[in-house]
Amino acid sequence: MNFDRLAAFYPWLETVCDGGVMQRCRTAFLPRTGQCQRALILGEGPGKFLTALLRQQPELHVTCVELSAVMIEQTRQRLRQAGLAASRVTFHQMDALDWTPPAEKFDMVATHFFLDCFRPDQLELLVPRLAASTTPDACWLLADFRVPERGWTRWRARVLLALLYAFFKTTTALSASRLTPPEPLLARAGFRLVDRRLASFGFAHSDLWQRTAS
Ligand SMILES: C[S@@+](CC[C@H](N)C(=O)[O-])C[C@H]1O[C@@H](n2cnc3c(N)ncnc32)[C@H](O)[C@@H]1O
């Protein structure tokens, strides 16, 4: 898998294709994370969410696990341009599947348009491992694509997803070929969906999940 090739035109692709929907999904629940102190972001991409997060929460420290060196460089550049200190962010350039979370616990996790990069068997490993690195009151922000239950919006979503997966397979050699709904895995890992917003005729969603005491 190589997301460096995608990085060159990802911001352009996002602007042309969705007119701001993705960023609205990423940031929908930011105002509800004000108490968080240590955040974990997986697959941040070119840094749009991280910039908004650091702007909103001056005390937050963030750990970012991102496979693509080019995406990380774009993020660093975006932070510099925004006048935000990169010292508040620890980057790990590696495959999240190979990453061992540190002993410290995160009270916030963000996976935006990231879990859709994995096959079901990979998510079965990844989600519980990430959940185990969170505090008992942690929240999990998740924005991603989805397939509506019925109607023309369902068919639209299926066509768009087929195109997206074909595109990603060509540019990044992604091994996942379809969307795996992460909800059952999050619920099994002790998280409860407390709020959800839909966008783009139900093709995209933004979730706020909260860890429940076990
Ligand atoms: C579709 S992009 C989403 C980027 C960004 N989070 C967003 O909201 O647009 C997926 C991101 O996850 C990263 N990624 C994909 N697979 C990964 C893996 N196994 N480990 C770490 N990062 C990964 C890619 O490099 C890319 O930056």
Side-chain angles (χ1 to χ4, degrees), residues 1-30 33 39-54 62-79 89-101 106 108-130 133 140-146 160-161 163-180 182 197 199-200 203-208:
M1 242 176 6
N2 183 349
F3 278 79
D4 284 350
R5 263 176 293 168
L6 180 72
F9 51 96
Y10 192 74
W12 173 85
L13 185 78
E14 181 178 333
T15 308
V16 171
C17 292
D18 84 345
V21 167
M22 287 173 76
Q23 184 65 355
R24 283 201 295 282
C25 285
R26 293 180 194 112
T27 56
F29 294 112
L30 265 192
T33 62
L40 169 64
I41 304 181
L42 286 305
E44 167 57 15
K48 286 183 92 170
F49 172 71
L50 179 62
T51 304
L53 178 67
L54 293 181
V62 183
T63 297
C64 265
V65 181
E66 165 59 61
L67 188 60
S68 161
V70 179
M71 292 282 195
I72 291 177
E73 188 42 46
Q74 287 185 357
T75 297
R76 288 186 189 279
Q77 202 175 328
R78 194 181 290 273
L79 295 182
V89 186
T90 305
F91 288 100
H92 298 282
Q93 194 231 318
M94 62 183 301
D95 190 330
L97 292 169
D98 297 332
W99 183 64
T100 306
F106 301 100
M108 176 186 161
V109 179
T111 53
H112 295 322
F113 303 98
F114 171 75
L115 297 181
D116 57 0
C117 295
F118 296 92
R119 299 188 312 265
D121 60 304
Q122 294 173 322
L123 285 181
E124 292 262 356
L125 292 175
L126 186 60
V127 172
R129 196 184 301 160
L130 298 178
S133 75
W140 191 316
L141 303 189
L142 187 167
D144 224 318
F145 301 111
R146 68 186 274 281
L160 291 175
L161 278 174
L163 291 172
L164 273 176
Y165 275 101
F167 174 73
F168 273 80
K169 196 164 282 282
T170 311
T171 51
T172 70
L174 193 72
S175 67
S177 55
R178 65 183 170 86
L179 198 59
T180 302
R197 296 198 193 140
S200 186
F203 177 50
H205 66 108
S206 181
D207 289 359
L208 174 62

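Read the numbers this way: they start at 1 and go in the same order the structure lists the ligands and their atoms.
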Worksheet item: Are any non-hydrogen side-chain atoms of S177 and K169 less than 4.5 angstrom apart?
Response: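 Yes - at least one pair of side-chain heavy atoms lies under 4.5 Å apart.
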Worksheet item: Within a strict 4.5 Å, meaning less than it, do heavy atoms of the V89 and T75 side chains meet?
Response: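 The answer is no, as the side chains (C-beta and beyond) never meet within the 4.5 Å cut-off.
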Worksheet item: Any idea which residues sit under 4.0 Å from ligand 1, heavy-atom distances?
Response: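 Residues within 4.0 Å of ligand 1: M1, F3, Y10, M22, R26, G43, E44, G45, E66, L67, S68, M71, M94, D95, A96, H112, F113, F114, C117, F118, F168.
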Practice prompt. Could you label the plane-to-plane angle of the F145 and F203 rings as parallel, tilted or perpendicular, counting under 30° as parallel and over 60° as perpendicular?
Written response: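 Rings of F145 and F203: parallel, as their planes differ by under 30°.
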Worksheet item: Is it true that atom CZ of R178 has more than 12 heavy atoms of other residues, nucleotides or ligands lying nearer than 6.0 Å?
Response: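 Counting other residues, nucleotides and ligands, CZ of R178 stays at 12 neighbours or fewer.
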Discussion item. Whether the side chain of R26 engages the backbone of L50 through a donor-acceptor N/O pair (distance < 3.5 Å, no angle test) should be reported.
Written reply: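 Checking the backbone N and O of L50 against the side chain of R26, no donor-acceptor pair under 3.5 Å is found.
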Item to complete: Mark yes or no for whether Q93, through its side chain, and I72, through its backbone, hold a donor-acceptor pair below 3.5 Å.
Response: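 It does not hold such a pair.
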